[in-house]
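Note sheet for the following structure.
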Amino acid sequence: MTAGRTVRAVGLAVAGVFAVTSTMTIATAMNTTPATAASATPAGTTSAPTTAVPVPIKSHPRPVWLHAHGRFAPPTAHIRSNAVTYDQKRVHAGARIAVGEFARHHTTMVALRVTGLSPGRTYGAHVHTKPCGAKPDDSGPHYQHRKDRHQPSTDPAYANPRNEVWLDFKTDRRGYAAALSRHDWRFRQGAARSVVIHEHGTARSPGKAGTAGSRLACFTVPFERSGLHGPFSRH
């Protein structure tokens, strides 16, 4: 299997398509160069690859393989869902989301897959610090590897796709999209709790960096649950 195909396979597997067949395949993908990873990202996805820093194996945190999936429902639904839509015109009730995390050594990959959203539309998406709630702001600010003292953070030195997890995507004519992000750091345990979908793509300019409009929907995800085995832990 070539390096490009390996990265694509891992990305799809983390998003919920179980295409990874061995630990060796995953290890190869996690050490692939950023250029290869970017070229392997499917059309309509976003990717923020970085180069992993080699660390002695004894100091590596335990790997995490996580797969979470949900179906969006309004916060007033009789049966509560871990996926909440605050704007049913742009994130329809019944639309589906899957988020995967694969963390090995000091590298993290996060993948997102959505189905049933409005077709041909660009959405912003980021990992946030708190679980979803009845109100859009309940999910807190963006998760940041290096935290900005000023929140909400709009400084490009902190609000950027290398320091945060950005998963912006554009849906196809069927309302499907996928995104993949890769980083050379691990989530702090308990500090990354959800993925929020926003109304448009994420800005990068000073004073607006990291902003993507209103919070349309939120999906609670228990990132960085160390010591999981499997190929995935389902929630």
Side-chain angles (χ1 to χ4, degrees), residues 45-50 66 68 70 72-76 80-91 95 97 99-101 103 108-112 114 117-118 121-171 177-225:
T45 70
T46 59
S47 180
T50 56
L66 173 71
F72 288 106
T76 55
R80 297 190 63 179
S81 174
N82 56 353
V84 183
T85 174
Y86 308 109
D87 186 330
Q88 294 188 58
K89 291 183 178 180
R90 289 178 282 192
V91 178
I97 183 170
V99 172
E101 175 194 8
T108 300
M109 295 176 69
V110 178
L112 173 147
V114 292
L117 271 64
S118 298
R121 182 183 181 90
T122 298
Y123 294 82
H126 318 110
V127 172
H128 283 241
T129 60
K130 297 180 180 179
C132 310
K135 299 179 180 179
D137 288 342
D138 288 346
S139 54
H142 294 182
Y143 177 88
Q144 294 183 321
H145 177 58
R146 293 187 306 113
K147 292 195 289 186
D148 188 349
R149 292 183 300 171
H150 304 285
Q151 295 291 333
S153 177
T154 56
D155 181 350
Y158 296 93
N160 62 67
R162 297 170 302 282
N163 192 49
E164 302 180 346
V165 179
W166 294 9
L167 295 161
D168 292 16
F169 58 87
K170 182 177 181 179
T171 54
L180 176 66
S181 183
R182 181 172 180 266
H183 299 273
D184 62 352
W185 42 258
R186 296 278 292 265
F187 289 119
R188 296 179 293 277
Q189 286 194 357
R193 300 294 304 279
S194 61
V195 172
V196 173
I197 297 176
H198 294 258
E199 66 175 322
H200 56 69
T202 308
R204 296 172 180 257
S205 59
K208 294 184 178 181
T211 61
S214 300
R215 302 184 186 197
L216 306 180
C218 180
F219 179 42
T220 298
V221 182
F223 289 107
E224 190 58 41
R225 296 184 62 170

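- Checking side-chain atoms of Glu224 against main-chain N and O of Arg186 turns up no donor-acceptor pair under 3.5 Å.
- Here the side chain of Thr85 pairs a donor or acceptor atom with the backbone of Asp87 at under 3.5 angstrom.
- With values rounded to the nearest 0.5 angstrom, Lys147 atom NZ is found 5.0 Å from Arg188 atom CZ.
- Here the straight-line distance linking atom CZ of Arg193 with atom OG1 of Thr220 works out to 7.5 Å at 0.5 Å rounding.
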**OP:** Please step through side chain to side chain contact (heavy atoms under 4.5 Å, CB included) for the pair Asp168 and Thr122, ending with a clear verdict.
**Re:** CA-CA 7 Å; Asp168 292 16; Thr122 298; 5.5 Å; no
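- Inspection of the Arg215 and Ser139 side chains reveals an N or O donor paired with an N or O acceptor under 3.5 Å.
- In terms of heavy atoms, Tyr86 sits closest to Ala134 at CE2-O, 3.5 Å.
- Ion pair Asp138/Lys135 not flagged as a salt bridge, since none of the NZ, NE, NH1 or NH2 atoms sits closer than 4.0 Å to an Asp/Glu carboxylate oxygen.
- Between the side chain of Ser181 and the main chain of Val165, no donor-acceptor pair closer than 3.5 Å is present.
- Thr202 and His126 form a side-chain donor-acceptor contact under 3.5 Å, judged by distance and modelled atom types alone.
- Here the closest non-hydrogen pair linking Thr108 and Ala103 is OG1-CB, 3.9 Å.
- When all heavy atoms of Ser194 and Cys218 are compared, the pair lying nearest together is CB-SG, 3.8 Å.
- The main-chain N or O of Ala83 is found under 3.5 Å from a side-chain atom of Ser81 such that the two form a donor-acceptor pair.
- Distance check: Phe169 CZ to Arg121 CZ gives 10.0 Å after rounding to the nearest 0.5 Å.
- Contact detail for Thr129 and His142: the closest heavy-atom pair is CG2-O, 3.7 Å.
- Proximity of a side-chain donor or acceptor of Arg146 to a complementary backbone N or O of Ala157 within less than 3.5 Å is detected.
- With rounding to the nearest 0.5 angstrom, the CG atom of Leu167 is 10.5 Å from the NE2 atom of His198.
- When every heavy atom of Gly210 is checked against every heavy atom of Trp166, the shortest pair comes out as CA-CZ2, 3.9 Å.
- Looking at every heavy atom in both residues, Pro74 comes nearest to Val84 through C-CG1, 4.3 Å.
- His128 contributes no side-chain N or O that, together with a main-chain N or O of Val196, makes up a donor-acceptor pair within less than 3.5 Å.
- In summary, the side chains of Asp148 and Ser153 do present a donor paired with an acceptor at a separation below 3.5 Å, with no hydrogens or angles considered.
- Rounding to the nearest 0.5 angstrom, the gap separating the CD atom in Glu199 from the OH atom in Tyr123 is 10.5 Å.
- Using bins of under 30°, 30° to 60° and over 60° for the plane-to-plane angle, the ring pair Phe223/Phe187 lands in the tilted bin.
- The closest side-chain heavy-atom distance from Met109 to Leu180 is below 4.5 Å.
- Applying the ring-ring contact (aromatic ring centres under 6.0 Å, His included) criterion to His145, with sequence neighbours excluded, gives Trp185.
- For the pair Tyr143 and Asn163, the minimum side-chain heavy-atom distance is 4.5 Å or more.
- There is a side-chain donor-acceptor pair under 3.5 Å between Gln144 and Glu164.
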**OP:** Could you please spell out the steps behind the side chain to side chain contact (heavy atoms under 4.5 Å, CB included) verdict for Leu66 and Val221?
**Re:** CA-CA 9 Å; Leu66 173 71; Val221 182; 3.9 Å; yes
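- Between atom CZ of residue Phe219 and atom CD1 of residue Ile97 there is a gap of 6.0 Å, rounded to the nearest 0.5 Å.
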